[in-house]
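Side chains are part of it too, since the values below use all heavy atoms of this structure and drop only hydrogens, waters and symmetry mates.
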Amino acid sequence: MIRFLLLFSRQGKLRLQKWFTAISEREKKKIIRDMTTMVLARQPRTCNFLHWKDLKIIYKRYASLYFCLAIENQENELIALEVIHRYVELLDKYFGNVCELDIIFNFEKAYFILDEFLIGGEIQETSKQIVNRAIEASDMLQEGDSSEWFEVELFG
Amino acid sequence: MKELMVRAIYCEMLGYEASFSYIHAIKLAQQGTALEKRVGYLAVSLFLNESHELLLLLVNTVLKDLQSTNLIEVCMALTVVSQMFPKDMIPAILPLVEEKLNHPKEIIRRKAVLALYKFYLIAPNQVQHIHNKFRKALCDKDPGVMTASLHIYLQMIQENPEGYKDLTTSFVTILKQVVGGKLPMDFNYHSVPAPWLQIQLLRILLFCSTIFLCRDVAALCIHCYCIQPLSSFPAILYESAKCIGNFVLSLKINLKYLGLKALTYVVQQHPKLALQHQMTIIECLDHPDLIIKRETLELLFRITNAQNVSVIVEKMLDPFLKIMLCCCIIYTLFIVLILFSYEEYTYAPDNEWFIETMSTVFSVGGDMMQPDIPNSFLKLLSEGFDSVEEDRKLRLFAVDSYVSLLQGEPGKLPQRFLQVISWVLGEYSYLREELEAATVLRLLAKLLDMKSTSSETKSWVLMAMTKLCEGGAGVSVTQEVCETYGSSLDTVLRQRAQELQHLSQDCELRARVLPRGAGLEPLEVDSSLSFLDGFVSEALAAGAAPYKAPHQRQEELAQAKALSLEPYGLSLPISMSSCSIADRQSPTLLSVSSGLSTTLKLDGVKRVWGREGYLSEREPVEESAHVEVPSPLQSPSQQGEADSSQSQTLTPIPTPQPEQEKQQLASSLFVGLGSQSSVCLMGKSESTTQRFRRKAKDLAVSSLEQTSQLSQGPAAANGICDVELTGSDMSETSPTLIRDNGVVAADPAPHEDPDKLKDLCLRTHLPAEFSGLCHSEITPLCTNQTLDFSACHLQKEDSLALVVFIYNSSDSDIQEILLELDSDELEVSCVCDSPVQEARSHSVAVCQYSLTVKRPSVHVEVVGTASYQFPAGTPHSAQFSYKLPLTSFIRPLTVSTEEYGAMWLDFSHDTKQKLTLISDGQEPLTDTLNVLKKKLQLHVVEIIGMEGIVACRLLRDQPCLMHCRLHAGTLSVWLRSPVPDLPDCLMYHCQRALQEH
């Protein structure tokens, strides 16, 4: 099970956080601090995995943004790395050549995509198309309440 | 509003508190239009967590949205439900979510499955009844829904691998389909078909541990870099070892990491596989990346054996100095390794080495270590080993080295180490006769004066001084110390100082309280705290409120603010009347004693015994020992191979200097890996099996030496391997055979013919005195070329008899079959005249045992080993295990209601749970109790209205009382017994019995 996902910039500024288990505010702050210092301190050309307490931390850097995922100890690191990558692919497909600013200004969208991809710490849907269709369908709500129409689009 | 909410989320993320907006998020989710609702739900799921009280306000919104006709709203509701939902509100929405499993849209079905998965995680009891629906989800035509259901299955199979064996084929079929590219194209991830799904399936199959896995799956596995599930299939291991080599060599750092990890798994099974990669491993040790280094150390840890332990330890200690922070975990592992290896007396070269290494470990590890490490070290010292002389030397050396450490610069030593030192000196410094107690006292007093010493350490020191201050030695020092700390603000310190003062003056009392060398004797603790009864009754008489057990308080609290689960407008009054008086009355009185015990117990112990109380703790050591690795026996042919490969790498080739050094290091690190002396470090918890295995090994070795004909050697060794395998196989399958209470009377389930015949044939050999009793099915235990072992058990009035049949299928008689049974939970006594049996050719020998329970556990297991000798003279042995449910030891206990009431008050161990009710008939309570009575052999004492009281006993004469009450459609059951663990185990069986019904 995935415990949490953090996105932060090279300066250590948090861009997105998602906790899949109940953690107190204080603990969260501590984790965020630990993660940023640990991950940012890594040299280039070192491996993408870390150990922290009883968790495995998988991180990957995309341009100036670090994606940092914590999984339980018995899980596979590489597949978690691919989870990060798939999420980036999803963001990329949605925003079209995603950059850090996209996530800053539309970060609720990033959350919506994440919610369609991961749920409760498990992977919900791995197909890019299906996730995108679900997101687009919900976005249609914004345009107007023509629910008949988008239902056909979404689930047809 | 929506914009504002988004900003609030952003603020929260930046670390500013935005709790004022929580309630607005809920309002937005409730009242907004569809889009606002979406942001509202998002905000709620980011702001609140499962235990937050505001979440209750969301329940109604979720209920409404789940019933909405708008699919998007349903989706949103399901998403938020599967992210967080208050546990006690689950019943309110469960039926709606269940209904969604049949929804025509797959996205809804998928989310519903994941929501149920979440429920399963937080409250497994509540979703028990819908297991069948999960099966339907598994067979769903949409792959997404099927994938989602795998999460649930992984969880359930982890908990109960036996229960889902029938699904194994389905999982394999799914996997085959996935690998065969049968899924839609959009499930491909960089041209690998659905890798997440594959991994998930492999993890499930790992728990099913099926033999269906074929080679193409193996190839795929490696393709997915997933070695772990494979480590249980030796045949594939050899193939994978080659691929792993490539991984480790890989320049890509992530693959290297994975390669090392995989190698660690593989090496656990076959240490000699590491030989191929030794040079690579050495290189990894010097890798700049700490994480890689750490993995390498872990790998080295796995291959430790008697010959290379000191090199490895040296190598490990060196990097620790630099990378302490990230190495805490392995550090612990490693120390436990040393401790245990020493206990085995095989690894450690000598006493000095051991003590010195431990000193280094303590001073390097310092206060980062878990407290159980020093504790187990001290335990090791105090329990000692087989020979008294060795113990004395070890302790003496410890005292010497610690005294010299204290004479040096004790200020630099970590607190934990100081605690260890002071304990050792207090306990054992009398061993060194020329060392005066006064000198030690002065050294210890010096510790007290140091600023850096923590108050915990100070109390250890004072304790040690108390032990030392015998016969007026160092009176001045003690006096001084007492004066300083007698008025300390720290109460513990003050108490210690008082003790020191009193005991140093009163020799007689001291000798009684702290007899020398008695640190080992188990302490007797009056857990019912009967000596406080007087105090309690006085307090009660003076008008104090009687004590209430925590769960009782909780229940009262819950009842006081019971919430309606129904949507507003439909609310029903919660039945307050269901709480009855009988339940209330009895606990209040009795819990006075049991409740107080939790707070006062520790004081009682500490006052007299101080910190040594820790030493009787065994669990931490045992737990950490699990990591260690059993190593398989290796047949001589493998051994030869290993030796040759080893000698190959060691052949002196003219190499440049650094290369040579590395090779030297390699040879010292990997020495002894390939030989039959491979690592045998099993945890203590498995000590019984380990003992057997070791015996088996010894036998194998000796047989090799004895027989000059080598051709027989491999056969013998292999034979033993086989036996072991079958033995463990049996233990896996046996529970299914004897699950339902074990007693299958004269009508056994339809068998295959040969089995039945054998069964019948064996049945005639049952001892005459058992002829009238019903017995369990005769279960085959293990079989080899000559002997068939099978067993059954019989329930007698006051004991449980285990009968083992040994059928000799060879043409020659076998004499002197020595059968030994052992068990962690049971007491096994042999009924026959002698444990040695003789089996004539083609006939059956019968051994009889009587079993009683030592320590209750849900299932108890008897492990047996049989060693026997052919007329030709080659010794053989076979192992088997026999598993029984605890219910076989349960007998009805006939008591009257008054006696029941009296007993109820005396018992201190209890557990409480809600069970499902059998509600087919008119009277659910009576029906349920009758089912329990039939299945578990309980005695129903009386049924009064909504309540029933039931009694039973565990052989011999360990009563357990059960109190049942109908409450809101469930049966709340309360079990009490004087035996720890018994209520929990029995509760488990009650639950099972009702489920199976």
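Contacts between B:V39 and chain A at a heavy-atom distance below 4.5 Å involve backbone atoms as well as side-chain atoms. The parts of A:R86 that come within reach of chain B are both its backbone and its side chain, each placing non-hydrogen atoms under 4.5 angstrom from that chain. The contact between B:E12 and chain A is made by backbone and side chain atoms together, counting heavy-atom distances below 4.5 Å. Looking at B:Y117, the atoms closer than 4.5 Å to chain A (heavy atoms on both sides) all sit in the side chain, from C-beta outward.
The candidate from A:E125, A:Q129, A:K29, A:M38 with the greatest count of non-hydrogen atom pairs under 4.5 Å with chain B is A:E125. When each of A:R15, A:M1, A:K13 is scored by its heavy-atom pairs under 4.5 Å with chain B, the top score falls to A:R15. Among A:H85, A:Q43, A:E82, A:Q17, the residue making the largest number of heavy-atom pairs under 4.5 Å with chain B is A:E82. When the candidates A:T46, A:T126, A:L14, A:L16 are compared by the number of heavy-atom contacts under 4.5 Å with chain B, A:T46 comes out ahead.
Distance CE/B:M13 to OH/A:Y111: 5.5 Å, rounded to 0.5 Å. Atom OG of B:S45 sits about 10.0 Å away from atom CD1 of A:I119, to the nearest 0.5 Å. Put simply, CZ on A:F20 and CE on B:M84 are 13.0 Å apart, with the number rounded to the nearest 0.5 Å.
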Test side chain to side chain contact (heavy atoms under 4.5 Å, CB included) on B:Y10 and A:I104 and set out the steps. CA-CA 9 Å; B:Y10 201 82; A:I104 296 175; 3.6 Å; yes
Apply side chain to side chain contact (heavy atoms under 4.5 Å, CB included) to residues A:F107 and B:I9 and explain how you reach the verdict. CA-CA 10 Å; A:F107 80 114; B:I9 300 175; 3.7 Å; yes
Check the pair A:K18, B:Q83 against side chain to side chain contact (heavy atoms under 4.5 Å, CB included), reporting the backbone distance first and the verdict last. CA-CA 11 Å; A:K18 183 83 186 175; B:Q83 275 175 352; 3.3 Å; yes
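The residue from B:T79, B:L114, B:V113 that alone fulfils the side chain to side chain contact (heavy atoms under 4.5 Å, CB included) condition with A:Q124 is B:L114.
Looking at every heavy atom in both residues, A:I135 comes nearest to B:R38 through O-NH2, 4.3 Å. The two residues A:K28 and B:L46 make their nearest non-hydrogen contact at NZ-O, 4.4 Å.
A salt bridge between B:K111 and A:E116 is present, with a side-chain N of the basic residue lying under 4.0 Å from a carboxylate O of the acidic one.
At least one donor-acceptor pair closer than 3.5 Å links the side chain of B:H151 to the backbone N or O of A:I123.
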